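Right, one structure below, let's go through it.
In this text, all values refer to a predicted model and were calculated from it rather than measured experimentally.
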Amino acid sequence: MSVPRPVRFGAPEWCAALRDEVNASSEYRNAAAKWGAGFNGNLLFVFEKDAALPSPLALFLALSGGRCERVEFVPGPSHPEAGVTLRAPFTLWRDVLERRTLAATAILRGKMKVDGDRLTLLKHAGANRALLHCTASVPTEFPAAPRP
């Protein structure tokens, strides 16, 4: 069995790999069956610039009913179709994507900001946990951190 080749974070191929990972996950499909029912379930992840990422990035995910219709990196820290935005410095996001930190813990400690309905996120914690598990499962080549 071959190990999947890492995809460069920020590339369109990374978005396609994430969409495929989410749509192939029965865990996500079951946990998120009601995600987006009666509310806007689209998410925007904002990766704020820091020492490891010189320019901010934003990732838009069109999600509803346990499916991912679209994933794309978008310009700017907001998106008109996003229902909830999660923003944090890139280094924290990388810790989440590499499973060293839980997003829920970062939110509760105020290290990750939520724009939108925080209660909805809590109510659908299983769906969000499954989504982040899928995101962390994409073999990723992250930008190299600058050397001091």
Side-chain angles (χ1 to χ4, degrees), residues 6-11 14-37 39-148:
V7 181
R8 187 177 52 82
F9 183 78
W14 191 88
C15 294
L18 175 56
R19 186 193 64 235
D20 293 347
E21 187 74 34
V22 170
N23 288 332
S25 171
S26 59
E27 178 188 0
Y28 178 76
R29 190 170 33 262
N30 293 331
K34 295 185 180 183
W35 180 257
F39 65 93
N40 180 347
N42 296 335
L43 295 176
L44 184 68
F45 295 165
V46 177
F47 306 93
E48 297 170 339
K49 71 178 187 168
D50 63 12
L53 186 72
S55 299
L57 281 174
L59 179 70
F60 176 75
L61 298 98
L63 303 164
S64 183
R67 298 278 309 153
C68 180
E69 301 302 321
R70 190 168 93 238
V71 178
E72 61 188 343
F73 282 98
V74 296
S78 63
H79 192 282
E81 294 178 55
V84 176
T85 299
L86 298 174
R87 63 182 74 247
F90 176 72
T91 303
L92 175 62
W93 271 113
R94 185 167 177 179
D95 284 347
V96 169
L97 297 178
E98 292 182 337
R99 297 184 174 121
R100 290 191 298 259
T101 299
L102 294 174
T105 302
I107 291 168
L108 291 173
R109 291 187 175 159
K111 294 181 177 184
M112 182 177 283
K113 305 293 183 220
V114 177
D115 299 332
D117 190 350
R118 186 185 296 245
L119 188 58
T120 297
L121 279 178
L122 292 171
K123 192 170 144 184
H124 296 274
N128 292 298
R129 197 170 30 254
L131 175 66
L132 287 169
H133 176 78
C134 291
T135 307
S137 297
V138 174
T140 302
E141 176 187 319
F142 288 103
R147 296 189 187 265

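- When the ring-ring contact (aromatic ring centres under 6.0 Å, His included) test is applied to F47, the partners found at least two apart in sequence or on another chain are F9, W93.
- C134 approaches E21 most closely through the heavy-atom pair O-CG, 3.4 Å.
- Side chains of T140 and L97 form no contact here, defined as non-hydrogen atoms less than 4.5 Å apart.
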In residues 57-70, what donor-acceptor pairs under 3.5 Å come from side-chain atoms, sequence neighbours left out?
{"residue": "R70", "atom": "NE", "partner": "E72", "partner atom": "OE2", "Å": "3.1"}
{"residue": "R70", "atom": "NH2", "partner": "E81", "partner atom": "OE1", "Å": "3.2"}
{"residue": "R70", "atom": "NH2", "partner": "E81", "partner atom": "OE2", "Å": "3.1"}

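- Interatomic distance, CH2 of W14 versus CZ of F73, reported as 5.0 Å (0.5 Å rounding).
- At least one side-chain heavy atom of I107 sits less than 4.5 Å from a side-chain heavy atom of R118.
- Residues H79 and V74 share a closest heavy-atom pair of CD2-CG1, 3.8 Å.
- Using a 4.5 Å cut-off on side-chain heavy atoms (C-beta onward), L53 and R94 make no contact.
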side-chain contact (heavy atoms from CB on, under 4.5 Å) between H124 and F39, intermediate numbers included
CA-CA 12 Å; H124 296 274; F39 65 93; 3.7 Å; yes
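- For R19 against V71, the heavy-atom pair with the smallest separation is CB-CG2, 3.9 Å.
- Taking every heavy atom of both residues into account, L121 and W35 meet most closely at CD2-CH2, 4.0 Å.
- Within 6.0 Å of CZ in R100 there are more than 12 heavy atoms belonging to other residues, nucleotides or ligands.
- With rounding to the nearest 0.5 angstrom, the CD atom of E48 is 11.0 Å from the OG1 atom of T91.
- The side chain to side chain donor-acceptor pair (under 3.5 Å) test applied to T135 returns no partner, not counting sequence neighbours.
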If you apply the rule side-chain contact (heavy atoms from CB on, under 4.5 Å), what do you find for N128 with L43, and how did you get there?
CA-CA 10 Å; N128 292 298; L43 295 176; 4.2 Å; yes
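- Within 6.0 Å of CZ on R129 lie no more than 12 heavy atoms contributed by other residues, nucleotides or ligands.
- At distances below 3.5 Å, not a single donor-acceptor pair connects side-chain atoms of D50 with backbone N or O atoms of P89.
- When all heavy atoms of P77 and L44 are compared, the closest pair comes out as O-CD2, 3.7 Å.
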Could you walk me through whether R99 and S137 pass side chain to side chain donor-acceptor pair (under 3.5 Å), step by step?
CA-CA 9 Å; R99 297 184 174 121; S137 297; 2.8 Å; yes
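- Taking every heavy atom of both residues into account, V96 and L102 meet most closely at CG2-C, 4.4 Å.
- Atom OG1 of T101 sits about 4.0 Å away from atom CG of D95, to the nearest 0.5 Å.
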